[in-house]
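Below, read A as the first sequence line, B as the second, and so on, with proteins coming before strands; counting in each chain starts at 1. The figures that follow rest on heavy atoms only: side chains count, while hydrogens, waters and symmetry mates do not.
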Number of protein chains: 2
Amino acid sequence: MARAATTTDAFNAVAEPRRRQILDVLARGERSVTDLVAALDLAQPQVSKHLKVLHEVGLVAVREDGRRRLYRLEGRGLKAIHDWVAGFARHWEDRFGALDAVLAEITGETDGNDHEG
Amino acid sequence: MARAATTTDAFNAVAEPRRRQILDVLARGERSVTDLVAALDLAQPQVSKHLKVLHEVGLVAVREDGRRRLYRLEGRGLKAIHDWVAGFARHWEDRFGALDAVLAEITGETDGNDHEG
DNA sequence: CCATCGTATTCCCATATGGGAATACGTCAA
DNA sequence: TTGACGTATTCCCATATGGGAATACGATGG
């Protein structure tokens, strides 16, 4: 097998910096391909390709307007990522980080990380 | 150019499901490679490879213990992802989603999304 | 109907991925 | 020492990526 397709899910789609940039721009409102080309300083074909990927994973929606196509952010698709990462928040928040370290030292535990209760 | 290396950053490293699984397990405490192999039902070499990637991007740390190597989650590396995604939260939270729709319809705007103030 | 604009699609290519399989090590128990 | 264990590394290969360049196409204005 090779690496999973970029169109597999939001995680893969968003791994590409350009696509993140596109979403950043779209977060401020609907944009035409040309708008994006200008904003990203990237060739039009590549922008269209990235948009295709984002569309396939449902991160953007399109609307036709004459010869233009207006792309819009479809944020829901990012929730999965958010939810997954949020579960790790305690692991980088200083308060808990420090606490973990202390507990580990005191208990000599190999299996720490218990601020559950 | 081809796709960015998986070791480029957390975004790329975490795009692979197996690596996310590994982090999920490590979130509950230090684990040896063998532990992970058992938990993931994946061949040992592949686990070691994934761990290598995770280590290169700083998402895990290692500690030697006799013939074993104990891997530990290094959560800080996930913060970048969290921060980026969090910026889009308003786009999937129902309250705001509905509000956006209404505003868009009322104003006929092409450039909506303004609950700034 | 023609030229042009806005976008999408196709072709080409260097790159490295992820799994499978085999193997190389370093460490520990006899 | 020897053998087993725990882990890392190497080789092989099908796959598809992302950019560049060229081109196809639908819509629109004359």
Can you check the [X] [atom1] to [N] [atom2] distance for me, whole Å?
X	N	atom1	atom2	value
Asp41(B)	dG18(C)	CG	P	18 Å
Leu42(A)	dA8(C)	CG	P	13 Å
Lys52(B)	dT17(C)	NZ	C1'	13 Å
Leu51(A)	dG18(D)	CG	C1'	14 Å
Gln46(B)	dG6(D)	CD	C1'	16 Å
Lys49(B)	dT9(D)	NZ	C1'	9 Å
Asn12(A)	dA16(C)	CG	C1'	15 Å
Arg63(B)	dT7(D)	CZ	C1'	16 Å

Could you check whether His50(B) and Arg18(B), counting side-chain N and O atoms only, form a donor-acceptor pair closer than 3.5 Å?
no

Under a 3.5 Å threshold, yes or no: a donor from one side chain and an acceptor from the other, between Arg3(B) and Asn12(A)?
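Their side chains do contain a donor-acceptor pair, which is all the 3.5 Å distance test asks for.
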
For His55(A) versus Val60(A), what's the shortest heavy-atom pair and its separation?
CD2-O, 3.3 Å

[X] side chain near [N] phosphate (N/O to OP1/OP2, under 4.0 Å):
X	N	answer
Arg3(B)	dG19(D)	no
Arg19(B)	dG18(C)	yes
Tyr71(B)	dG6(D)	no
Arg67(A)	dC25(D)	no
His50(B)	dT17(C)	no

Need one value for Ser48(A): base, sugar-phosphate or nothing, where a base atom within 4.0 Å counts as base even if backbone is also close, heavy atoms only.
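Answer is base: heavy atoms of Ser48(A) come under 4.0 Å of a base.
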
Counting side-chain heavy atoms from CB outward, which of [options] is closest to [X]?
X	options	value
Val33(A)	dA8(C), dA14(C), dT7(D)	dA8(C)
Thr6(B)	dT17(C), dG6(C), dG20(D)	dT17(C)
Thr34(B)	dT9(C), dG6(D), dG19(C)	dG6(D)

About how many Å separate CG of Leu59(A) and CG of Leu26(A), when rounded to the nearest 0.5 Å?
10.0 Å

Distance criterion of 3.5 Å, no angle test: do you see the side chain of Glu16(B) paired donor-to-acceptor with the base of dG18(C)?
no

What about Gln44(B), does its side chain sit under 3.5 Å from the base of dG6(D) through a donor-acceptor pair?
no

Residue closer to the 5' end of DNA chain D, Asp65(A) versus Val53(A) (nearest nucleotide):
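The residue whose closest nucleotide sits nearer the 5' end is Val53(A).
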
Arg20(A) and Asp24(A) ion-paired at < 4.0 Å
no

Using the closest heavy atom to pick a nucleotide of DNA chain C for each, name whichever of Ser32(A) or Ala5(B) lands nearer the 5' end.
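Whichever sits nearer the 5' end wins; that is Ser32(A).
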
Hydrophobic cluster membership, with links at side-chain heavy-atom distances under 4.5 Å among I/L/V/M/F/W/Y: are Ile81(B) and Phe88(A) in one?
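Yes, Ile81(B) connects to Phe88(A) through the hydrophobic network.
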
